[in-house]
Student: 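Below you will find the structure I want to go over with you.
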Amino acid sequence: MQATKTRENLAALVEGLNFAQKVDRSLALIREAHQEYGDRLVVANSLGKDSVAVWHLARRVSPDIKGFIVTTRFKPAQTVEFMKQEVARYPELRVFKNDAPIPDELYLTDPDRCCDVLKVQPVRWAIEEMNVACWVTGLRCTEGRTRTDYQEIEERDKGLIKLNPILLWHEREVWQYLALNSVPVNPLYAQGYRSLGCAPCTRIASDQNERAGRWVGTSKCGGECGIHTRPLKGESTGAAH
Ligand code: SF4
């Protein structure tokens with residue numbers, strides 16, 4: 001498997017590969033990484049459509065692959081319920097959450113800090129506790145302005161590989177895969193959401209940008225929580241979880 005190396009290469013593959021070729025490519029990427037990293041390959045699951053697609057792909061490679069979910073005190077009730085259903089279906093999914101006190105409405109005054117405490121920190125814990133050498137994400141390069149510069153295989157943190165096996169998929173292809181494989185999804189999608197996060201920071205949007213409903217009205221609008229941009233090793237605070 002020759003992973004993508006350049007932005008041009010990436011764009012050509014996004015448009016040049018058909019759905020079945022992309023599925024095969026994703027499975028091959030996970031299979032090769034699993035052969036290399038074994039138990040130290042772990043799937044991150046945000047409970048969004050991309051994550052459940054990647055989780056399904058990973059289980060096709062090996063039902064022994066483990067995963068983790070990061071949740072926060074601000075997740076919508078439907079997402080919490082969906083999480084409980086997913087964990088009941090797949091007990092190999094571990095849940096990480098930071099219950100440390102934070103200032104009221106930090107998501108309004110400093111959403112970057114709020115995401116760092118509630119989302120990025122639990123990812124760091126998961127990586128440390130599960131002894132992860134390669135984490136697998138549902139990141140896609142067509143999701144919006146902040147997601148065009150990634151690669152299928154990355155090493156942003158030394159000693160920690162990040163695999164983005166559906167990087168080349170269009171939104172439509174994710175839904176195609178989920179429908180064809182009867183994969184259950186978060187019920188919030190039926191209300192019109194296209195990208196899901198915490199309740200105070202997620203709206204239904206009609207913009208072309210898939211992530212336009214995230215952090216509306218802040219400088220972070222359409223942006224990132226930080227798990228794909230912040231360091232994930234060596235910054236653990238050791239707070240309760
Ligand atoms: S999405 Fe909003 S509420 Fe959730 S952690 Fe980030 S800033 Fe806080």
Side-chain angles (χ1 to χ4, degrees), residues 43-52 54-55 67-84 86-87 93-129 135 137-140 143-147 150 156-157 162 164 171 174 185-189 191-207 209-233 235-241:
V43 180
N45 188 335
S46 72
L47 303 166
K49 65 187 188 309
D50 309 296
S51 288
V52 292
V54 169
W55 182 238
F68 68 86
I69 291 170
V70 166
T71 190
T72 78
R73 67 200 73 181
F74 296 118
K75 289 288 181 182
Q78 295 92 331
T79 300
V80 174
E81 182 54 35
F82 181 65
M83 177 177 76
K84 288 179 185 165
E86 285 288 278
V87 173
L93 283 172
R94 284 185 61 184
V95 177
F96 289 81
K97 182 176 180 227
N98 190 353
D99 290 322
I102 56 171
D104 286 346
E105 299 194 333
L106 187 60
Y107 49 81
L108 290 179
T109 55
D110 191 349
D112 284 327
R113 173 83 188 127
C114 188
C115 277
D116 194 52
V117 173
L118 300 188
K119 289 185 164 182
V120 183
Q121 189 56 45
V123 173
R124 293 186 185 118
W125 287 330
I127 284 167
E128 196 176 317
E129 284 194 27
W135 68 302
T137 87
L139 188 134
R140 294 179 13 255
E143 278 178 279
R145 61 178 172 79
T146 58
R147 299 214 159 172
Y150 292 90
R156 302 176 77 85
D157 296 86
K162 184 167 77 158
N164 304 313
E171 182 183 23
V174 176
V185 295
N186 191 319
L188 286 172
Y189 287 114
Q191 293 182 22
Y193 291 93
R194 289 172 67 200
S195 178
L196 300 177
C198 296
C201 306
T202 308
R203 306 241 183 102
I204 295 172
S206 54
D207 192 284
N209 179 350
E210 195 177 328
R211 293 173 63 81
R214 307 290 293 276
W215 299 285
V216 173
T218 76
S219 57
K220 208 172 160 68
C221 184
E224 294 292 327
C225 68
I227 67 167
H228 297 297
T229 52
R230 303 269 297 126
L232 295 177
K233 288 186 79 156
E235 293 208 354
S236 185
T237 63
H241 59 286

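The structure presented is a predicted model; accordingly, all values stated were derived computationally and were not measured. Order of listing sets the numbers, starting from 1, for every ligand and every atom in it.
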Student: Show every side-chain hydrogen bond (donor to acceptor under 3.5 Å, both in side chains) that has at least one partner inside residues 191-201, sequence neighbours left out.
Tutor: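 Sorted result for residues 191-201: Glu171-Arg194, Ser195-Arg214.
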
Student: Within less than 2.8 Å of atom 8 (Fe) of ligand 1, how many protein N/O/S atoms are there?
Tutor: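 The number of such protein atoms is 1.
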
Student: Any chance you could measure Phe96, atom CZ, to Phe68, atom CZ, to the nearest 0.5 Å?
Tutor: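 The CZ atom of Phe96 sits 7.5 Å away from the CZ atom of Phe68.
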
Student: Rounded to the nearest 0.5 Å, what's the gap from OG1 on Thr202 to CG on Leu196? Could you check?
Tutor: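 That separation rounds to 7.0 Å.
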
Student: With sequence neighbours excluded, tell me which residues meet side chain to side chain donor-acceptor pair (under 3.5 Å) with Asp157.
Tutor: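 Result, side chain to side chain donor-acceptor pair (under 3.5 Å) vs Asp157: none returned.
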
Student: Does Arg94 CZ have over 12 foreign heavy atoms under 6.0 Å away?
Tutor: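 Yes, CZ of Arg94 has more than 12 neighbouring heavy atoms, counting only those of other groups under 6.0 Å.
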
Student: Listed by chain and number, what are the side chain to side chain contact (heavy atoms under 4.5 Å, CB included) partners of Arg156, not counting sequence neighbours?
Tutor: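 Tyr150, Glu154, Lys162.
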
